[in-house]
Every structure is written in structure tokens, then in C-alpha cells.
Amino acid sequence: MKGIKFNEVHSYNDLHLAVAPFEIAPAKAKTTYLEIEGADGSLDLTEALGEVKYSDRQGSLTFYVLPGDDWEQKKTEVSNYLNGLQCKMTLDKDPNYYYLGRFTVNSYKSDKMLRQITVDYRLKPYKYKKNVTIQTLKQGIHDISCDRMPVTPKITTTANTTFSFNGGSYSVSAGTTQLLNIRFTAGTNQLGITTTGTVTLEYQEGAL
């Protein structure tokens, strides 16, 4: 049965819990509008300071304890593992991404038919790609793709290197660094490299 992995523990295979049908709550944009007296509509200031920012995702998950498992023991096991703790959450139906957030055991409910545990979550707005993106490049002009989340890559160079990006030029010595002026955004980003060595880019991509 499909389920959810919390860090490396699977809801069904390890905890013997069946998850009720669910959808993870969307990340809501933080919007700002200024009403102007005497004018139609409003002034949208949402992107006045840069990109759109998003609120945490919040919602609940309901799990059912499988027949034969001890109810009191299962409540303790789930609470010890999840209640109040932060961990990665990977959905079997979306295995190439994971969410990061904090989980709270909200309630226990038991009757003759079902024994259920409700877990609340508060997750970071972006879901993160399972694997960090790593690219090794030589001198030249390169098209660098990036998912929806803006990110500043970690850059490792084997020789003195000059980068051109968004009209700016930035020089670094051999080694590992992050240049705040090189920030990849959704889509294709063009990066120029002048070097006698190699450049390795490492960055965590994220989607909404």
C-alpha cells in the first residue's frame, strides 16, 4: 500500500498505518495590496521587494491502525516518533520530491470499527527535489535550468574563474564559494564561465 515516509520510516511498511486519502495543502502567496482612495482597484505591492514570498503549508493527515496491532502501543510509537519533531516527508505518489516541516499528533480516536491517529503538519512552502542538482562545466556560455524556487548555488572552481551573469561580472579564486549575485530563478539561466579549469555547481531545487 502507498503511504508516506517520515525521514526513513514508512507509514505502512514500518509503522503499520494506513493513510486516509489526502492532498498536501498548497503554499499560499503572501500578497500585499494598497487601497488608493479616489482610484479604481488597488496597488499590488506583492513583488515590491523582489520575488513573491509564500506562507508555510498547513494541514492534517489521518492514519488508521491496522488490525492486530496494539492500540496503546501504537499511540506511543507514533507520538514518540513524530509529535513535535521536524523531519522530511516523502510521499509514495510523489517520490522525486520531499517536504520539510514539523509534525504534531493532534488526536486519537477509537471505536469498534476504526482506530485513527490525526497528525497536523506545518511545512516549508517549497517541496525539495530528492537529489541535489550537481553540474560540472568548462569554459563557455551555459544554460542552467532551475525549478520554481530561487537558489544561490555553491560554486567550486579548480582555477581562477570569472563568471558573467545578468549583466554582471564576478571573479573568484580556486576553491568553494557562493556569490549572492548569482541566483538562479525558475526556467533557464544563462551563465558565462571564463576559466582554465572546471566549475562545479551544486544547488537544491524546489517546486510549489
Side-chain angles (χ1 to χ4, degrees), residues 4-10 24-32 45-58 81-82 84-103 121-208:
I4 300 171
K5 185 179 284 187
F6 298 99
N7 289 336
E8 296 305 315
V9 174
H10 192 271
I24 298 301
K28 295 182 179 179
K30 295 181 178 180
T31 56
T32 301
L45 301 178
T46 301
E47 297 177 75
L49 298 178
E51 308 106 346
V52 178
K53 302 300 181 183
Y54 295 88
S55 299
D56 291 340
R57 302 170 186 249
Q58 298 186 61
Y81 191 75
L82 283 180
L85 301 182
Q86 184 182 78
C87 65
K88 291 182 179 180
M89 181 177 75
T90 307
L91 312 181
D92 286 357
K93 62 183 181 180
D94 190 19
N96 294 321
Y97 289 89
Y98 67 87
Y99 299 86
L100 181 64
R102 194 168 300 279
F103 298 83
Y121 60 78
R122 182 168 185 150
L123 308 172
K124 297 293 186 183
Y126 289 97
K127 61 179 184 179
Y128 304 101
K129 274 194 175 179
K130 179 180 179 180
N131 298 316
V132 173
T133 300
I134 299 175
Q135 297 190 47
T136 299
L137 306 170
K138 299 287 188 178
Q139 179 167 298
I141 305 296
H142 302 276
D143 289 334
I144 309 297
S145 63
C146 185
D147 214 325
R148 183 61 175 77
M149 182 177 73
V151 63
T152 299
K154 182 171 74 173
I155 299 172
T156 300
T157 60
T158 60
N160 293 344
T161 301
T162 298
F163 298 97
S164 57
F165 185 77
N166 282 351
S169 180
Y170 313 98
S171 296
V172 299
S173 302
T176 300
T177 188
Q178 280 186 300
L179 297 171
L180 298 182
N181 289 315
I182 296 180
R183 193 163 187 260
F184 299 150
T185 54
T188 300
N189 302 261
Q190 194 168 81
L191 180 68
I193 299 175
T194 302
T195 184
T196 57
T198 60
V199 173
T200 300
L201 304 177
E202 183 176 337
Y203 55 102
Q204 174 66 65
E205 295 186 75
L208 287 171

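Under the 30°/60° scheme for interplanar angles, the aromatic rings of Tyr128 and Tyr98 are found to be tilted.
For Phe103 and Phe6, the ring centers are positioned less than 6.0 Å apart.
From Ile24, atom CD1 reaches atom CG of Leu91 across 5.0 Å, with rounding to the nearest 0.5 Å. Summarising the geometry, atom CD1 belonging to Ile144 is positioned 9.5 Å from atom OG1 belonging to Thr188; distances are rounded to the nearest 0.5 Å. To the nearest 0.5 angstrom, Leu191 atom CG is 9.5 Å from Asn166 atom CG. One finds the CG atom of Leu100 at 13.0 Å from the CZ atom of Arg122 (value rounded to the nearest 0.5 Å). Separating the NZ atom in Lys88 from the OH atom in Tyr99 is a distance of 14.5 Å, to the nearest 0.5 Å. The distance from the CD atom of Glu51 to the OG1 atom of Thr185 is 7.5 Å, given to the nearest 0.5 Å.
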May I have the step-by-step check of side-chain hydrogen bond (donor to acceptor under 3.5 Å, both in side chains) for Thr162 and Ser171, ending in yes or no? CA-CA 4 Å; Thr162 298; Ser171 296; 3.0 Å; yes
Side chain to side chain contact (heavy atoms under 4.5 Å, CB included) assessment of Lys130 paired with Thr90: CA-CA 9 Å; Lys130 179 180 179 180; Thr90 307; over 6 Å; no
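By the 4.5 Å heavy-atom criterion applied to side chains, Val132 and Glu202 are counted as neighbours. Residues His142 and Val199 are not in side-chain contact: their nearest non-hydrogen atoms beyond the backbone lie 4.5 Å or more apart. For the pair Lys138 and Thr198, the minimum side-chain heavy-atom distance is below 4.5 Å. Side-chain contact between Lys127 and Asp94 is present, with heavy atoms from C-beta onward closer than 4.5 Å. Contact annotation: the side chain of Val172 never approaches that of Ile155 to less than 4.5 Å [non-hydrogen atoms, C-beta and beyond]. Two residues are said to be in side-chain contact when any heavy atoms from C-beta on lie closer than 4.5 Å; Phe163 and Asn181 fail this criterion. Side-chain contact check for Cys87 versus Leu82: some heavy-atom pair is nearer than 4.5 Å.
In this structure a side-chain-to-backbone donor-acceptor pair under 3.5 Å is missing from Thr161 to Ala174. Judged by distance alone, the side chain of Tyr121 and the main-chain N or O of Ala25 form a donor-acceptor pair under 3.5 Å.
For the residue pair Thr176/Thr156, the side-chain donor-acceptor check at 3.5 Å is satisfied. No side-chain donor from either of Glu205 and Tyr126 sits under 3.5 Å from a side-chain acceptor of the other.
Contact between Asp56 and Pro125 at its shortest, heavy atoms only, is OD1-CD, 3.7 Å. In terms of heavy-atom proximity, Asn189 sits nearest to Arg183 at OD1-O, 4.3 Å. Here the closest heavy-atom approach between residue Ala159 and residue Thr196 is recorded as CB-OG1, 3.6 Å. Considering all non-hydrogen atoms of both residues, Tyr97 and Ala207 come closest at CE2-CB, 3.8 Å. Nearest heavy atom pair, residue Lys129 against residue Gln204, reads O-NE2, 2.9 Å. Taking every heavy atom of both residues into account, Leu208 and Arg148 meet most closely at CD1-CG, 3.8 Å.
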